[in-house]
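A quick write-up on the structure given underneath.
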Amino acid sequence: MLDIKYLRDNFAAAEKALATRSGKVDLSGFQMLDQQRRELLNEVEALKAEKNKVSALIGQTKDKSQVQGEISRMKEVSAQIKILDDRLREVADNLSELLMGVPNIPHPQSPVGASEDDNVEVRTWGDKPALNFTPKAHWDVGEGLGILDFERASKLSGARFCVYFGAGARLERALINFMLDLHTTEHGYTETLPPFLVNRASMTGTGQLPKFESDLFHTEDVDLFLIPTAEVPVTNLHRDEILAETDLPICYAAYTPCFRKEAGSHGKDTRGLIRQHQFNKVEMVKFVRPEDSDAELESLLGNAEKVLQLLQLPYRVVDLCTGDIGFSASRTFDIEVWLPGQECYREISSCSTFSDFQARRASIRFRREGAKKPELVHTINGSGLAIGRTLLAVLENYQQEDGSVLIPEVLQPYMGGMTKIVK
RNA sequence: GGAGGAGUGGCCGAGUGGCUUAAGGCGGCGGUCUUGAAAACCGUUGAACGCAAGUUCCGUGGGUUCAAAUCCUACCUCCUCCGCCA
């Protein structure tokens, strides 16, 4: 959520900045609702002050017959307060509904652009593998080895699911453990294992609700949602809390499965592991002081890159343009891994700062040493990394002409010393 | 699932309709005393909106009343017991 005061005082600038995003942002009605709300608030508060004063007086008067007139007058004032309170609530609800639907202001350094074609490549790392045969896509590699089974998964659950067998299942588990170990022992993150189902308040706090309910799986008999990313439960860990400045930065790493409906992407990436309804991910989440947020995003991005470097997978880093960043984010760097089977880079991590946007929605604050008023923290998060996409990248980059797949050195201890997956 | 009990400030905890501006304690902060510290004593110590006056917040939402932390009601959460269960 944007700061209502900021929006009030910088309306034109905000409108201009938001126009660089994709999709129309409708701010019409804000100024009228905001003014109405403040007028009603003034009016109703004056009446309440009057009521409180007179009621205290009535309380002090022993002989109530002396104040019968005041009592009946207060009866009317109370009725009036009720009417105004109802109107105020309606206006305030409309205003907050409007504000909840407004995306974050892009970071001043985010490149301005209309679509992903305008994203800026920041750097590339690693050499694309020189294969002296035509590389296969990971679904062919995986099915050839009998470690991935899309057909049986669709029998169990439908499209966009996968069953892993044998070394494939173990490779997925190895990647999870490898990444968690790296972030917790080398990068200073605290491991968390949160619930995979969360309530409406949590989904609203990080920005998935109210606008993107159709992307979420929802349970029928109780009002809970399957998490689309660990960002949701982990960021909401400190919802409605005031943190100590000395506690910051707080850094969490969490493995969770993620569930996404992928509504609106029918026909896109229908084959393989790229776009699944359920996938595993290790996520990094930080709570930081505002002045540290740019540097903390850089270091989180570096932590994610380190995973690919240790796995020896070539990648590039892309600075997303204003037209391509997500609803709650103000700046996003994507890491895209090279896939020789498809001859393209594909997103494997998305690292974003949300400035104070999520912190304001979820009321996550901190108090500076000696300061009286609490301030909003900045929240930052990024995948470190998406597990399924990492596995797929390993299959495509480490495939051999005979259909086998070498296991990256750093994963071998996690695979019981296995160096190669063969049929 | 059934039966009871409970939710009050950072924490503990008093408070069954109007001097509550939420007592008291613990913790935190500042001070006095001290070579220094401890102890003792004194003071101070929640949040939101507002330029301010002021308003709101005692789990959440409704209701009763001139007046609600306090009464009614629905819901949520936690605890105890019973049942079921990995």
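Protein chains get the first letters and strands the later ones, always in sequence-line order, with residue 1 at the start of each. Model, not experiment: these values are computed from the prediction.
- For rA23(B) and rA69(B), the C1' atoms lie 14 Å apart once the distance is rounded to whole Å.
- More than 12 heavy atoms of other shown residues, nucleotides or ligands fall within 6.0 angstrom of atom CD in E241(A).
- Taking atom CZ on F366(A) and atom P on rA47(B), their separation rounds to 15 Å, with Å as the unit.
- Atoms CZ (R89(A)) and C1' (rG61(B)) sit 9 Å apart, rounded to a whole Å.
- Nucleotides rA52(B) and rU44(B), compared at atom P, are 23 Å apart to the nearest Å.
- Separating the CG atom of L57(A) from the P atom of rA67(B) is a distance of 15 Å, rounded to the nearest angstrom.
- In this model, a donor atom of one side chain and an acceptor atom of the other lie less than 3.5 Å apart for E39(A) and Q35(A).
- Here the side chain of R21(A) pairs a donor or acceptor atom with the backbone of G326(A) at under 3.5 angstrom.
- Nucleotides rA47(B) and rU64(B) have their C1' atoms positioned 29 Å apart, rounded to a whole Å.
- At a threshold of 4.0 Å, the pair R346(A)-D269(A) counts as salt-bridged, since one of the basic side-chain nitrogens sits closer than that to a carboxylate oxygen.
- Contacts of R365(A) classified as side chain to side chain donor-acceptor pair (under 3.5 Å), with partners at least two apart in sequence or in another chain: none.
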- Task: Begin with the C-alpha distance, continue with both residues' side-chain angles, and end with the deciding distance and a verdict on ring pair (Phe, Tyr, Trp, His ring centres under 6.0 Å) for F259(A) and H277(A).
- Result: CA-CA 5 Å; F259(A) 304 91; H277(A) 283 311; over 10 Å; no
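- Listed pair S78(A) / rA67(B) meets the phosphate criterion, a side-chain N or O lying under 4.0 Å from OP1 or OP2.
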Please tabulate, for side-chain N and O atoms in residues 376-385 of chain A, each donor-acceptor pair with protein atoms closer than 3.5 Å (sequence neighbours left out).
residue, atom, partner, partner atom, Å
H378(A), ND1, S293(A), OG, 3.1
T379(A), OG1, Q358(A), OE1, 2.8
N381(A), ND2, E231(A), OE1, 3.4
S383(A), OG, S350(A), N, 3.1

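- Nucleotides rC29(B) and rG13(B) are separated by 22 Å at their C1' atoms, to the nearest Å.
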Within the sub-3.5 Å range, which N or O atoms of nucleotides 7-10 of chain B have a protein N or O partner, and how far apart are they?
none

Mind listing the N/O atom pairs, protein and nucleotides 56-60 of chain B, below 3.5 Å?
residue, atom, partner, partner atom, Å
rU56(B), OP2, N52(A), ND2, 3.4

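- Side-chain N/O atoms of D334(A) and S349(A) include no donor and acceptor closer than 3.5 Å.
- A salt bridge is defined here as a Lys NZ or Arg NE, NH1 or NH2 lying under 4.0 Å from an Asp or Glu carboxylate O, and E291(A) with R289(A) meets this definition.
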For nucleotides 43-46 of chain B, tabulate all protein N/O to nucleotide N/O atom pairs closer than 3.5 Å, reporting atom names and distance.
none

Please enumerate all protein N or O atoms sitting under 3.5 Å from an N or O of nucleotides 71-79 of chain B, with distances to 0.1 Å.
none

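- When each of rA47(B), rG62(B), rA52(B) is scored by its nearest atom to the side-chain atoms of N42(A), the top-ranked nucleotide is rA52(B).
- Atom C1' of rU20(B) sits at a distance of 25 Å from the matching atom of rG28(B), rounded to the whole Å.
- No side-chain donor from either of H183(A) and Y252(A) sits under 3.5 Å from a side-chain acceptor of the other.
- rG83(B) and rA6(B): their C1' atoms are spaced 23 Å apart (whole Å).
- A side-chain donor-acceptor contact under 3.5 Å links Q309(A) and Y315(A).
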- Task: Would you sort out whether S214(A) and K261(A) count as a side-chain contact (heavy atoms from CB on, under 4.5 Å), showing the intermediate values?
- Result: CA-CA 8 Å; S214(A) 61; K261(A) 275 197 180 167; over 6 Å; no
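- Taking atom C1' in both rC71(B) and rA3(B), one finds a spacing of 25 Å when rounded to whole Å.
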- Please, what dot-bracket string fits RNA chain B when only Watson-Crick and G-U pairs with both distances under 3.5 Å count, crossing ones use [ ] and pairs to another strand use |? ((((((((.[[[..)..(.....]]]((((((.......))))))((((....)))).[[[[[..)....]]]]])))))))....
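- Residue R37(A) is the one, among A49(A) and R37(A), whose nearest nucleotide of RNA chain B lies closer to the 5' end (criterion: closest heavy atom).
- Every residue was checked against the salt bridge (Lys or Arg N to Asp or Glu O under 4.0 Å) condition with E396(A), not counting sequence neighbours, and none meets it.
- Summarising the geometry, the separation between NZ on K53(A) and P on rA67(B) is reported as 17 Å, rounded to the nearest angstrom.
- A gap of 32 Å separates the C1' atoms of rG10(B) and rG4(B), to the nearest Å.
- For residues 373-382 of chain A, the set of pairs meeting the salt bridge (charged side-chain N to carboxylate O under 4.0 Å, His left out) definition, not counting sequence neighbours, comprises R368(A)-E375(A).
- R73(A) has a carboxylate O that lies under 4.0 Å from a charged side-chain N of E50(A), or vice versa, which qualifies the two as a salt bridge.
- In this structure, L41(A) atom CG and rA48(B) atom P are separated by 16 Å, rounded to whole Å.
- Within 4.0 Å (heavy atoms only), R8(A) reaches sugar-phosphate atoms of the nucleic acid but no base atom.
- One finds no salt bridge joining R8(A) and D3(A) here, because no Lys/Arg side-chain nitrogen approaches an Asp/Glu carboxylate oxygen to under 4.0 Å.
- Q36(A) has its CD atom 18 Å from the C1' atom of rC49(B), to the nearest Å.
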Donor-acceptor pairs under 3.5 Å, side chain of residues 83-103 of chain A to any protein atom, not counting sequence neighbours: which ones?
residue, atom, partner, partner atom, Å
D85(A), OD2, K48(A), NZ, 3.4
N94(A), ND2, E90(A), O, 3.4

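- Inspection of the N199(A) and S202(A) side chains reveals an N or O donor paired with an N or O acceptor under 3.5 Å.
- Within the structure, the salt bridge (charged side-chain N to carboxylate O under 4.0 Å, His left out) test picks out the following pairs touching residues 173-202 of chain A (sequence neighbours left out): R200(A)-E213(A), R200(A)-D223(A).
- Taking atom CG of L84(A) as the reference point, atom P of rU55(B) lies 16 Å away to the nearest angstrom.
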Got a list of protein N/O to nucleotides 18-23 of chain B N/O distances below 3.5 Å?
residue, atom, partner, partner atom, Å
rG18(B), N2, S55(A), O, 2.8

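- Under the 3.5 Å distance criterion, with hydrogens and angles disregarded, no donor-acceptor pair is assigned to the side chains of Y255(A) and N177(A).
- As a whole-Å value, the separation of D3(A) CG from rA48(B) P is 13 Å.
- Between K373(A) and rA48(B), a side-chain N or O to OP1/OP2 separation shorter than 4.0 Å is present.
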